[in-house]
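Below: the structure, in structure tokens.
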Amino acid sequence: MKKKVLVVGSGGREHAIVDALSRSPQVGTIYCAPGNAGIATQAECVAIKDTDVKGLLEFAKSKDIDLTVVGPEAALAVGIADEFRAAGLSIFGHSKAAARIETSKEFAKVIMEKYNVPTAAYKSFSEYEEALAYVLARPFPAVLKYDGLAAGKGVVIAQDAAEATEALKDMLLDTRFGKGKVVVEDYLEGPEFSFMCFADGNRIWPMPLAQDHKRAFDGDKGPNTGGMGAYSPLPFITEEDKAFAVKNVLQAVADGMVAEGCPLKGVLYGGLMKTAQGVKVIEFNARFGDPETEVVLPLLKSDIYDIFSAVANGTTCAEPEWSNESILGIVLASKGYPGSYQKGFPIVIDPEIDAHIYHMGTAVDSNCNLVTAGGRVIMAVCKGSDIKDARAKANVAADLIKCENLFHRKDIGWQIK
């Protein structure tokens, strides 16, 4: 009998997960809570918030769901995996305790320090005056991280005393993100990249490397966003770099979390940097990255249901097979993003478009028209003979998505000439 799967979340990451599951011969019905307009073409969307654990649990029971896959960190942070497992349901996602690798910057730093994972030196503070005095006594730039979830806005690289003062006030006095601590780190330099793996206790299965582009505009200019595009593979990362990261970062953290009594059971995302002193960790996430997932999962040749099920249930699984094709994706975002923006603008996608199209923030209006419903709205992903070819194809595809209130970068993967 075909399997019934529930995917939790509503963005491009979840659309890519749903798309990958739809390619599995084992999967029949896919539900997505709450989903979006694009996901609705491949799954049955259910109007339950991703943090409504009780509602999601009741739904999973009522539909006899075989496996639940969690997309967003907010759901993990409220303990969805703990509740599902306590009820005897199969779920792909870390426990609340394990998700601290993302939800607490200080916890992640403690783990890295204890298990010799290469990262920047740091110090934690809960008092504003103490933190400010420490930062002002050190060279700039200063890396300031709010110790908790802040929707991608909790990291500031302060270039001078004025920026540092403002950021520390924001995090410790105004409690913009809630009462918490601040982690002050040494500033590192080098190209950043994303290295994700499936993790089940001591077992890890690395995924292809990817790099996303945070700045809003061409030339890496403008404000930081949640990601304006991504690509894979990364020629500037050597096989030696990759082997080092697998052993000394991903495996070391997986083993460390087992030793701490909170084993990983989902995706471990390493936000890494290749510095002059070698690969170091910038941050960890406890779930698939976005937009990296949209360029990584289309490369998976194995059945993703087998992998999700093996992690969720602790069963055996063959080493996943990946395509070595080049792939690149471009995000189309609402004008004004990452600041304030308007919603509800009609989107017309050319039916001749030759790309994976992943919806990130879309909806259907009362007239059944596809409209914008978020900051990052839609992503066009194309494969090519190399990165340049994939970029050219993705730019053509992005131009075939018509909307008067969307903008996109044309230079994703510019590092690869």
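Note that the numbering runs from 1 along the sequence shown for the chain.
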Which atom pair, heavy atoms only, marks the closest approach of Ala259 to Tyr115?
CB-OH, 3.4 Å

Under 6.0 Å from the NZ atom of Lys2, do we count more than 12 heavy atoms belonging to anything else shown?
yes

Least distance between heavy atoms, Val183 atom then Ser124 atom:
CG2-OG, 3.7 Å

Give the minimum heavy-atom separation between Leu172 and Ser126, together with the two atoms involved.
CD2-O, 3.7 Å

Is it true that a side-chain atom of Thr41 and a backbone atom of Gly38 form a donor plus acceptor pair closer than 3.5 Å?
yes

Side chain to side chain donor-acceptor pair (under 3.5 Å) pairs, two or more places apart, involving residues 82-97:
Ser90-Asn313

Should we count CD of Gln159 as having more than 12 external heavy atoms under 6.0 Å?
yes

Any donor and acceptor pair, going by atom type alone, linking the side chain of Arg376 with main-chain N or O of Gly226 inside 3.5 Å?
yes

Applying ring-ring contact (aromatic ring centres under 6.0 Å, His included), name anything that partners Phe308, two or more places apart in sequence or on another chain.
Phe92

Student check: side-chain heavy atoms of Val143 and Tyr122 closer than 4.5 Å:
no

Pair Ser309, Asp306: side-chain N/O donor-acceptor within cut-off below 3.5 Å
no

Write down the atom of Pro298, the atom of Ile327, and the distance for their closest heavy-atom approach.
CB-CD1, 3.7 Å

Between Glu185 and Lys109, does any side-chain N to carboxylate O distance fall below 4.0 Å?
yes

Donor-acceptor contacts, no H, no angles, side chain residues 9-19, under 3.5 Å, sequence neighbours left out:
residue : atom : partner : partner atom : Å
Arg13   : NH1  : Phe288  : O            : 3.0
Glu14   : OE1  : Ser10   : N            : 3.4
Glu14   : OE1  : Gly11   : N            : 2.7
His15   : ND1  : His359  : N            : 2.9
His15   : NE2  : Gln42   : OE1          : 3.0
Asp19   : OD1  : Gln42   : NE2          : 2.9
Asp19   : OD2  : Arg23   : NH1          : 2.8
Asp19   : OD2  : Tyr358  : OH           : 2.8

Could you check whether any side-chain heavy atom of Thr29 comes within less than 4.5 Å of a side-chain heavy atom of Lys63, counting everything from C-beta outward?
no

Is the backbone N or O of Val5 less than 3.5 Å from a side-chain atom of Asp66, with the two atoms forming a donor-acceptor pair by type?
no

Spacing of CD1 belonging to Ile101 relative to CG belonging to Leu76, to within rounding of 0.5 Å
13.0 Å

Return the SG to CZ distance between Cys317 and Arg203, rounded to the nearest 0.5 Å.
7.5 Å

Any pair counted as ring pair (Phe, Tyr, Trp, His ring centres under 6.0 Å), so long as it reaches residues 224-275, sequence neighbours left out:
His213-Tyr231

Please check this pair: side chain of Thr165 against backbone of Ala161, looking for a donor-acceptor N/O pair closer than 3.5 Å.
yes

Is a donor on one side and an acceptor on the other found under 3.5 Å between the side chain of Thr225 and the backbone of Lys214?
yes

Passes side chain to side chain contact (heavy atoms under 4.5 Å, CB included), Val70 versus Arg287? Steps please.
CA-CA 8 Å; Val70 184; Arg287 36 70 191 182; over 6 Å; no

Paired with Phe407, the ring pair (Phe, Tyr, Trp, His ring centres under 6.0 Å) test is passed by just one of Tyr337, Phe345, Phe217, namely Phe217

Any sub-3.5 Å donor-acceptor pair from Thr362's side-chain atoms to Val377's backbone N or O?
no

As an exercise, state the distance from CG of Leu406 to CD1 of Ile378, rounded to the nearest 0.5 Å.
8.0 Å

Any side-chain heavy-atom pair of Thr238 and Lys274 under 4.5 Å:
yes

For the residue pair Val296 and Trp322, establish whether any side-chain heavy-atom pair is separated by less than 4.5 Å.
yes

Check ion pair Glu260-Lys114 (N to O, under 4.0 angstrom)
yes

Output, in order, the C-alpha distance, side-chain angles, deciding distance and verdict of side chain to side chain contact (heavy atoms under 4.5 Å, CB included) for Asp241 and Phe195.
CA-CA 11 Å; Asp241 293 332; Phe195 199 177; over 6 Å; no

Within this structure, what is the NZ-OH distance for the pair Lys181 and Tyr146, rounded to the nearest 0.5 Å?
11.5 Å

Could you check whether any side-chain heavy atom of Asn285 comes within less than 4.5 Å of a side-chain heavy atom of Glu73, counting everything from C-beta outward?
no

CD1 (Ile157) and NZ (Lys145) are apart, to the nearest 0.5 Å, by 8.5 Å

Ala167 backbone acceptor or donor facing Asp170 side chain under 3.5 Å:
no

Using a 4.5 Å cut-off on heavy atoms from C-beta on, say whether the side chain of Arg100 contacts that of Cys262.
yes

Indicate yes or no: at least one non-hydrogen side-chain atom of Ile237 is less than 4.5 angstrom from one of Val279.
no

Applying side chain to side chain contact (heavy atoms under 4.5 Å, CB included), name anything that partners Ala397, two or more places apart in sequence or on another chain.
Ile353, Ala355, Ala380, Cys382

Kindly determine whether Leu89 and Ile65 satisfy side chain to side chain contact (heavy atoms under 4.5 Å, CB included), including the steps that lead there.
CA-CA 8 Å; Leu89 298 184; Ile65 297 295; over 6 Å; no

Surrounding NZ of Lys49 (heavy atoms of other residues, nucleotides or ligands, distance under 6.0 Å), is the total greater than 12?
no

Do Ile39 and Val7 come within less than 4.5 Å of each other through their side chains, counting heavy atoms only?
no

Pairs involving residues 22-45, ordered by first then second residue, that meet ring pair (Phe, Tyr, Trp, His ring centres under 6.0 Å) (sequence neighbours left out)
Tyr31-Phe59

CG of Leu332 to CE of Met379: how many Å apart, nearest 0.5 Å?
10.0 Å

Heavy-atom closest pair (Gly384 atom, Ala390 atom, distance to 0.1 Å) is N-CB, 3.8 Å

If only atom types and distance count, is the side chain of Arg391 paired as donor or acceptor with the main-chain N or O of Leu328 below 3.5 Å?
no

Taking the side chain from Asn395 and the backbone from Lys410, do they hold a donor-acceptor pair closer than 3.5 Å?
yes

Verify the distance criterion only: is there a donor paired with an acceptor across the side chains of Trp414 and Asp220 at less than 3.5 Å?
yes

Going through the checks in order, is the side chain to side chain contact (heavy atoms under 4.5 Å, CB included) test met by Leu67 and Tyr305?
CA-CA 9 Å; Leu67 174 69; Tyr305 185 86; 3.7 Å; yes

So for atom CD, which belongs to Glu319, do other residues, nucleotides or ligands contribute more than 12 heavy atoms lying within a distance under 6.0 Å?
yes

Check: Ser326/Asp386 side-chain N/O donor and acceptor closer than 3.5 Å
no

Can you find a side-chain donor-acceptor pair between Gln342 and Asn405 that sits under 3.5 Å?
no

Would you name the heavy atoms of Ala158 and Leu144 that are closest together and state the gap between them?
CB-CD1, 4.3 Å

Test item: Ser194 side-chain N/O and Gly271 main-chain N/O as donor-acceptor pair under 3.5 Å
no

